[in-house]
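Presented below is the structure to which this report refers.
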Amino acid sequence: MTFTLPRRAALAALATLAAWQPALAQDNVFKIGLVLPMTGQQATTGRQVEAAARLYMAQHGDTVAGKKVQLIVKDDTSLPDQTRRLAQELIVNDKVNVLAGMGITPSAMAVAPLATQSKTPLVVMAAATSSITEASPYIVRSSFTLPQVSVALADWAPKNGIKTVVTLVSDYGPGIDAEKFFNQRLTFNGGKVTESLRVPLRNPDFAPFLQKVRDLKPDALFVFVPSGAGAAVMKQFVERGMDKAGIKLIATGDVTDDDQLNDMGDGALGVVTSHHYSAAHPSELNKKFVDAFQKANKNLRPNFMAVGGYDGMRVIYEALKASKGQGGGDALLAAMKGQIFESPRGPVFIDAQTRDIVQNVYLRKVERKDGQLYNVEFDVIKDVKDPGKTK
Ligand code: DHB
């Protein structure tokens with residue numbers, strides 16, 4: 001069918017209006033684009049962060065400063081090219097007010113330039129390489145950094161009979177941060193890293209590395225692997241009889257991940273780690289958080305990724321309230337900076353200068369409590385800023 005010109009023009013005008021009307025209706029919607037690995041090797045991170053974000057919304061309502069909060073969850077399968085593509089679509093098509101999530105460092109790095117160009121705040125809820133916050137002035141972080149948690153363990157180790165250490169880390173941003181900051185601090189404290197081993201991030205096989213550690217026979221093996229990979233390390237460490245050979249396992253809390261810890265078995269007992277969150281953190285707020293999270297998620301125990309998602313939502317909600325629902329990206333960002341609040345992990349602060357999180361770091365030991373394995377905190381270093389910041 002052919003139309004006469006005026007009719008076509010009228011139709012075109014209608015089409016424009018139709019496209020415009022949802023935009024009007026959406027004026028009262030506040031959109032959060034949550035990009036996470038929901039499938040693939042990092043899927044537990046996505047599951048934990050999404051569940052925590054939904055819990056926060058269920059507890060605090062989905063209307064804030066007169067706006068209806070809408071969570072749009074996208075699965076990037078932990079491939080940074082996917083993260084970038086999805087973030088681009090969320091900015092351009094969905095016109096999200098805030099981007100959030102970011103399961104691994106390469107994802108956060110891939111989205112950083114888009115956040116800058118579009119002036120969209122990006123709340124990094126999981127990824128933990130120190131330099132992420134320096135990749136865009138629009139990044140705010142609610143997770144942690146590897147330097148932040150690694151130095152505490154390098155202070156603890158030499159005071160507890162550990163002088164020689166082999167480090168074993170995943171070969172990318174957070175692993176390299178952990179290796180560097182652990183080594184520097186241990187050396188400063190009079191200890192020595194005798195070998196630094198790196199395993200690939202994708203499909204790692206720990207066996208040949210652990211054999212090497214056995215031969216080197218250090219006092220301890222220090223490990224960082226990302227959330228989800230800890231159980232495999234623990235299993236192989238025990239199977240190879242490393243503990244019986246007198247080599248202690250020490251690690252960042254990513255290894256004794258609460259998502260997996262309870263299934264790791266007795267081999268995990270006594271492992272000392274440093275981290276910012278344990279599901280066993282003995283505060284009233286944390287008990288309520290863990291209970292509510294487990295009720296809403298078939299008894300799944302929240303891990304440190306969940307707490308990053310939960311607190312990230314808090315940062316977004318409070319920024320929306322403070323800017324009275326009126327501001328764009330810059331107003332939201334300004335209201336995210338400097339927030340101080342009690343998290344299930346303890347007191348936290350979003351440093352206005354660095355946009356990174358300042359928090360307590362705990363030393364913990366795996367113990368059996370009420371028949372379940374937990375990271376039980378036995379010491380705390382208060383208000384730790386990321387030691388990795390160059391400025
Ligand atoms: C990162 C991912 C993790 O799962 C983790 O535990 C720590 C850091 C990251 O890619 O930044």
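Everything numeric in this text was worked out from a predicted model, so none of it was measured. Side chains are part of it too, since the values below use all heavy atoms of this structure and drop only hydrogens, waters and symmetry mates. Position 1 is the first residue of the sequence; numbering continues from there. All ligand and atom numbering here is 1-based and tracks the order in the structure.
Ring planes of Tyr56 and His60: parallel class, angle under 30° (limits at 30 and 60°). Taking the six-membered ring for Trp and thresholds of 30 and 60 degrees, Phe222 and Phe182 have nearly parallel ring planes, at less than 30 degrees apart.
With distances taken over non-hydrogen atoms, the option nearest atom 6 (O) of ligand 1 out of Val255, Asp254, Val124 is Asp254.
Taking every heavy atom of Met305 and a limit of under 4.0 angstrom, the matching atoms of ligand 1 come to 3 (C), 4 (O), 5 (C), 6 (O). With ligand atoms numbered from 1 in the order given, ligand 1 contributes 6 (O) to contacts under 4.0 Å with heavy atoms of Phe304. The distance from ligand 1 to the heavy atoms of Ala127 drops below 4.0 Å at these ligand atoms: 9 (C), 11 (O). Atom numbering of ligand 1 starts at 1 in the shown order; those under 4.0 Å from a heavy atom of Ile104 are 9 (C), 10 (O).
Ring centers of Phe304 and His275: under 6.0 Å apart, within the cut-off. Ring-centre distance between Tyr362 and His276: not below the 6.0 Å cut-off.
At least one N or O atom of Ala128, backbone or side chain, sits closer than 3.5 Å to an N or O atom of ligand 1.
Nearest protein neighbour of atom 2 (C) of ligand 1, counting heavy atoms only, is Tyr172 OH, 3.5 Å. Among protein heavy atoms, atom 11 (O) of ligand 1 sits closest to Thr105 OG1, 2.5 Å. The protein atom (non-hydrogen) at minimum distance from atom 4 (O) of ligand 1 is Ser227 N, 2.9 Å.
Cation-pi geometry between Arg345 and Phe144 is not met: the NZ or CZ atom fails to fall both under 6.0 Å from the ring centre and inside 45° of the normal. Tyr374 does not carry Arg368 over the face of its six-membered ring by the limits of under 6.0 Å from the centre and within 45° of the normal.
For the ligand labelled ligand 1, residue Gly103 lies inside the 4.0 Å heavy-atom shell.
Under the 4.0 Å criterion applied to side-chain N and carboxylate O atoms, Asp259 and Arg301 are not assigned as salt-bridge partners.
At a heavy-atom cutoff of 4.0 Å, ligand 1 is contacted by both the backbone and the side chain of Pro226.
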>> Could you go through Gln88 and Arg85, starting from their C-alpha distance and side-chain angles, then the distance that decides it, and tell me whether this counts as side-chain hydrogen bond (donor to acceptor under 3.5 Å, both in side chains)?
In response: CA-CA 5 Å; Gln88 174 113 30; Arg85 184 181 62 76; over 6 Å; no
